[in-house]
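Here's the structure, in structure tokens; my notes come after.
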Amino acid sequence: MRFRDLKRMQVDIETYCQECFTFPNSARESDRITAIAMSDSAGWGRLISGKELDEGDMLREFVKEICKRDPDVIEGHNLIRFDLEYIEARAKRHKVALTLGRDGSRLGGHAARMQIAERTITYRKYGIFGRHIIDTWILAQHYDVATRELESFGLKDIARQFGIAGAGRTYAPGDKTSWYFDHDPDALFRYALDNVRETRAIAEILSPSYFVEAQIFPYSYQNIPLRGNATKIDALFLREYLHQRRSVPYPNEGRDVAGGFTHMEYQGAAQRVLHSDVTSLYPSVMLVYNYLPQKDELGVFAGLLCDLRGFRIKAKELARGASDDESRVYFNALQSTFKILINSFYGYLGFQMGHFNDFEAANQVTAKGRELIQSAIGWLKDSQAKIIEVDTDGIYFVPPENVQTEADEERLIADLAAILPKGIELELDGRYPAMFSYKMKNYALLDDQGRLRIKGSGLRSRGLELFQREWLEEMLRLLLKNEREKIPEIYNRFVDDIDQHRRPISWLAKTETLQDSLETYQAKLKTKKRNPGAPYELALKAERRYQPGDQISYYVTGMKANVRINENCKLAADWDAEKPDENVEHYKAKLRELYDKFKPWIELEKPSEQKVTLSTGPAQFSLFVPESG
DNA sequence: GCTAGCTGATGCCCG
DNA sequence: AACGGGCATCAGCTAGCG
């Protein structure tokens with residue numbers, strides 16, 4: 001079955017009083033559903049409730065409509081953490097049976113939790129017999145873990161960031177829903193319909209690879225995005241062992257495993273930088289050296305890894321040779337799914353819950369990885385290359401002076417690749433006119449089209465305020481283009497903007513994601529397991545309900561630069577442009593600190609005049625200084 | 001009473 | 001309920017200061 005053969009349907013619910021939303025049973029009397037918008041390939045629909053139509057009737061209509069359209073998949077943005085919870089709570093109040101199942105059974109649900117990288121997401125896991133529930137908010141979380149490029153996770157934000165928001169799109173802010181209902185209900189319905197159109201477009205982009213996975217793993221389409229990769233690989237083991245009627249071992253107890261080799265050899269700006277990396281380092285090491293799960297008597301692991309590698313190469317070829325858009329998108333989804341899977345096999349070795357986990361093998365894999373990358377570093381140094389930064393499987397370096405043309409570079413990489421064992425391949429992954437190496441895993445690259453690429457939590461984290469990220473970007477661009485004399489101007493402009501309240505509060509506000517529930521936070525506070533934090537304190541005071549995974553934007557108030565932030569903060573939404581009360585001294589001090597961190601490079605003397613290199617921090621040398629000097 | 005400097009927890013990111 | 005390695009920020013603590 002192909003993705004396009006699925007009968008998909010999108011659902012979005014607007015409530016009369018969304019800002020007061022509490023659930024499951026404490027919803028205020030004034031809460032009412034005012035619009036449910038639905039779309040599917042056959043057309044668009046809407047249901048209206050509120051003043052004229054009783055909410056119970058509305059819900060019954062909703063059930064009837066879904067059964068009539070009979071979708072295989074129900075898609076929605078925030079479907080499981082908002083719309084379904086709301087509908088369930090309201091249906092309970094109005095004693096409406098949500099018989100959405102294909103066999104006439106009711107919507108079921110239970111509390112659940114999932115992990116996406118460092119994010120823990122609590123949600124209610126819903127089940128509708130014969131149908132799959134896909135939440136594009138969850139898909140967006142997965143997408144962001146891989147790319148780290150989504151600013152926020154609201155439907156409108158994501159649509160804008162993917163460039164699929166319609167030009168004539170209707171916007172109705174959440175806290176104005178009731179106003180629209182009373183004064184311009186039609187705009188509200190258009191808004192809800194635009195929501196489902198965008199949901200459909202986002203699902204079109206993000207969901208096909210999960211559909212592919214559903215055909216590989218013994219999990220339903222609905223469950224695929226809710227499971228971690230190691231869990232899915234474990235399921236492949238279980239299926240094969242049960243199929244062959246073999247017993248399944250218990251997981252081994254976890255122990256410490258060392259990781260990849262990381263090293264920064266040079267801090268500062270460098271020019272003409274190459275990046276080479278070992279292709280699929282860990283999968284290659286596992287297969288070449290047979291570092292495989294000891295308990296896997298049937299050899300499932302190596303077989304799967306080999307097959308998947310083969311599939312991926314095949315899918316990549318097919319994507320490249322695809323004659324139409326649809327098959328290209330399909331094969332690309334296929335190959336990127338395989339890539340992620342292949343990379344998860346190493347993680348499986350160290351997976352606590354994996355029945356065939358093997359920490360010894362995991363340790364051998366990383367040890368061999370460290371050995372291989374260090375031998376590559378050694379060879380490059382012997383060849384008079386200047387190493388800048390190394391992280392696990394890739395090396396940034398400045399090639400020796402006798403390497404000038406691209407052909408020279410290719411030859412250098414080929415010579416380096418030749419010293420590595422058979423089966424371990426190395427390639428030239430990129431060349432950059434300039435690089436600024438700041439700290440381990442933190443650097444900026446300027447490519448030959450003048451595009452700046454920033455890496456690392458210290459330079460591009462969403463945990464940084466927008467003004468910090470903007471400042472870093474402008475400053476790094478000038479450093480890399482060797483125009484650092486312009487940086488002080490920019491600094492002064494930023495100081496002035498802060499002083500004069502010239503920018504909206506989103507420029508100064510910090511956005512953080514709540515990891516713990518408010519109950520857990522309070523329990524930790526009580527037992528002194530953690531210190532108070534501004535986002536949690538604000539969430540506790542807020543009227544709306546917050547749950548783990550929710551983002552919260554806040555800014556610092558007060559008059560002095562040094563204030564206890566959790567006692568001097570306000571929600572960004574409560575900022576009043578007429579009476580700006582952000583802590584100007586605090587933000588100016590932060591900008592100053594940031595400037596000072598980069599001061600050694602901003603106020604560096606001109607290369608020709610420079611005599612000494614900086615003596616603080618890690619081992620340093622300057623690539624601006626000629627070898628003889 | 002104040003602050004610099006340390007420690008541990010948290011949040012986010014790299015490969 | 002994939003892994004380890006890294007950085008920045010914040011609050012609380014403490015030694016050392018006036």
Side-chain angles (χ1 to χ4, degrees), chain A residues 112-122 144-149 226-234 251 254-264 275 277-278 280-282 340-354 357-359 361-363 365-367 369-370 373 389-396 429 438-443 453-465 468-469 472 510-516 520-521 524-525 528-537 548 551-552 556 562-569 586 590 593-594 597:
Chain A
R113 201 172 11 165
M114 69 175 299
Q115 194 82 34
I116 301 180
E118 70 278 355
R119 298 161 215 190
T120 308
I121 294 158
T122 52
D144 183 65
V145 163
T147 63
R148 303 272 172 191
E149 64 184 29
L226 304 175
R227 300 273 180 227
N229 280 327
T231 308
K232 286 184 262 190
I233 291 170
D234 202 49
R255 65 172 174 84
D256 281 353
V257 173
F261 176 76
T262 56
H263 179 63
M264 186 180 69
H275 181 236
D277 72 348
V278 181
S280 306
L281 176 65
Y282 288 171
I340 294 162
L341 271 179
I342 289 163
N343 289 334
S344 303
F345 269 67
Y346 157 71
Y348 179 83
L349 293 177
F351 176 38
Q352 301 266 354
M353 300 281 118
N357 62 5
D358 188 336
F359 296 94
N363 229 344
V365 171
T366 54
R370 292 192 297 274
I373 201 75
E389 208 240 25
V390 185
D391 191 353
T392 310
D393 58 0
I395 308 171
Y396 287 97
D429 183 56
Y438 177 51
K439 296 199 172 160
M440 267 188 222
K441 297 174 192 275
N442 285 269
Y443 55 85
R453 229 176 295 181
I454 298 176
K455 294 279 193 175
S457 64
L459 303 178
R460 61 165 279 180
S461 169
R462 261 177 311 231
L464 293 168
E465 299 88 337
Q468 296 216 53
R469 275 179 282 163
L472 282 165
K510 185 178 261 197
T511 303
E512 282 184 69
T513 308
L514 299 180
Q515 307 286 4
D516 285 332
T520 309
Y521 167 74
K524 283 184 181 173
L525 268 193
K528 297 224 187 292
K529 284 256 194 326
R530 66 161 291 166
N531 296 325
Y536 289 96
E537 293 302 320
Q551 287 179 307
I552 198 156
V556 180
N562 280 318
V563 292
R564 213 177 259 128
I565 292 171
N566 67 76
E567 291 168 5
N568 294 276
C569 55
H586 171 81
K590 288 197 97 164
E593 281 166 33
L594 201 55
K597 283 182 192 168

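To find a chain, count down the sequence lines: A is the first, B the second, and so on, and within it residues start at 1.
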Counting only side-chain heavy atoms from C-beta out, which of [options] sits nearest to [X]?
| X | options | result |
| --- | --- | --- |
| A:Arg530 | B:dG11, C:dC10, C:dC7 | B:dG11 |
| A:Asn531 | B:dG8, B:dC14, C:dT9 | B:dG8 |
| A:Pro532 | B:dC13, C:dG12, B:dG11 | C:dG12 |
| A:Asp393 | B:dC13, B:dT10, B:dG15 | B:dG15 |
| A:Lys510 | B:dG11, B:dC12, C:dT9 | C:dT9 |
| A:Met440 | C:dC7, B:dG11, C:dC3 | C:dC7 |
| A:Arg564 | C:dA1, C:dG12, C:dG5 | C:dG12 |
| A:Thr513 | B:dC12, B:dG15, C:dA8 | B:dC12 |
| A:Lys455 | C:dT9, B:dC14, B:dC13 | B:dC14 |

For atom [atom1] of [X] and atom [atom2] of [N], their distance in whole Å:
| X | N | atom1 | atom2 | result |
| --- | --- | --- | --- | --- |
| A:Ile454 | B:dC14 | CD1 | C1' | 15 Å |
| A:Asn562 | B:dG5 | CG | P | 13 Å |
| A:Asp391 | C:dG6 | CG | C1' | 8 Å |
| A:Arg460 | C:dG6 | CZ | C1' | 15 Å |
| A:Glu389 | B:dG15 | CD | P | 8 Å |
| A:His263 | C:dG5 | NE2 | C1' | 15 Å |
| A:Lys590 | C:dT9 | NZ | P | 6 Å |
| A:Glu593 | C:dT9 | CD | P | 7 Å |

* C:dG6 base / A:Thr262 side chain donor-acceptor hit below 3.5 Å ->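 Flag unset: no donor-acceptor pair detected.
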* Asked: Does A:Ser457 make a side-chain donor-acceptor contact with the base of B:dC13, cut-off 3.5 Å?
  ->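 Check fails, no donor-acceptor contact within cut-off.
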Which part of the nucleic acid, if any, lies within contact of [X], taking any heavy atom under 4.0 Å across all strands shown: a base, the sugar-phosphate backbone alone, or nothing?
| X | answer |
| --- | --- |
| A:Thr231 | sugar-phosphate |
| A:Ala117 | nothing |
| A:Tyr348 | nothing |
| A:Tyr521 | nothing |
| A:Phe359 | nothing |
| A:Lys524 | sugar-phosphate |
| A:Gly347 | base |
| A:Tyr438 | sugar-phosphate |
| A:Ile121 | nothing |
| A:Asn566 | sugar-phosphate |
| A:Thr120 | nothing |

* Qualifying residue for ring pair (Phe, Tyr, Trp, His ring centres under 6.0 Å) with A:Tyr346, from A:Phe359, A:Tyr282, A:Phe351 ->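 The single option meeting the ring pair (Phe, Tyr, Trp, His ring centres under 6.0 Å) with A:Tyr346 is A:Tyr282.
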* Asked: Does a side chain donor of either A:Tyr348 or A:Asp234 reach within less than 3.5 Å of an acceptor in the other side chain?
  ->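 Their side chains do contain a donor-acceptor pair, which is all the 3.5 Å distance test asks for.
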* Pair A:Thr511, A:Gln551: side-chain N/O donor-acceptor within cut-off below 3.5 Å ->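 No donor-acceptor contact under 3.5 Å links the two side chains.
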* A:Arg462 and A:Asp144 ion-paired at < 4.0 Å ->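 The answer is yes: the pair qualifies as a salt bridge.
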* To do: Return yes if some donor-acceptor pair links the side-chain N/O of A:Arg119 with the main-chain N/O of A:Gln515 below 3.5 Å, else return no.
  =>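 Flag not set: sc A:Arg119 to bb A:Gln515 has no pair under 3.5 Å.
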* Aromatic ring proximity A:Tyr536/A:Tyr521, centre distance under 6.0 Å ->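 For A:Tyr536 and A:Tyr521, the ring centres are under 6.0 Å apart.
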* Do the non-hydrogen side-chain atoms of A:Glu537 and A:Pro532 ever get within less than 4.5 Å of each other? ->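 Yes, close enough: below the 4.5 Å cut-off.
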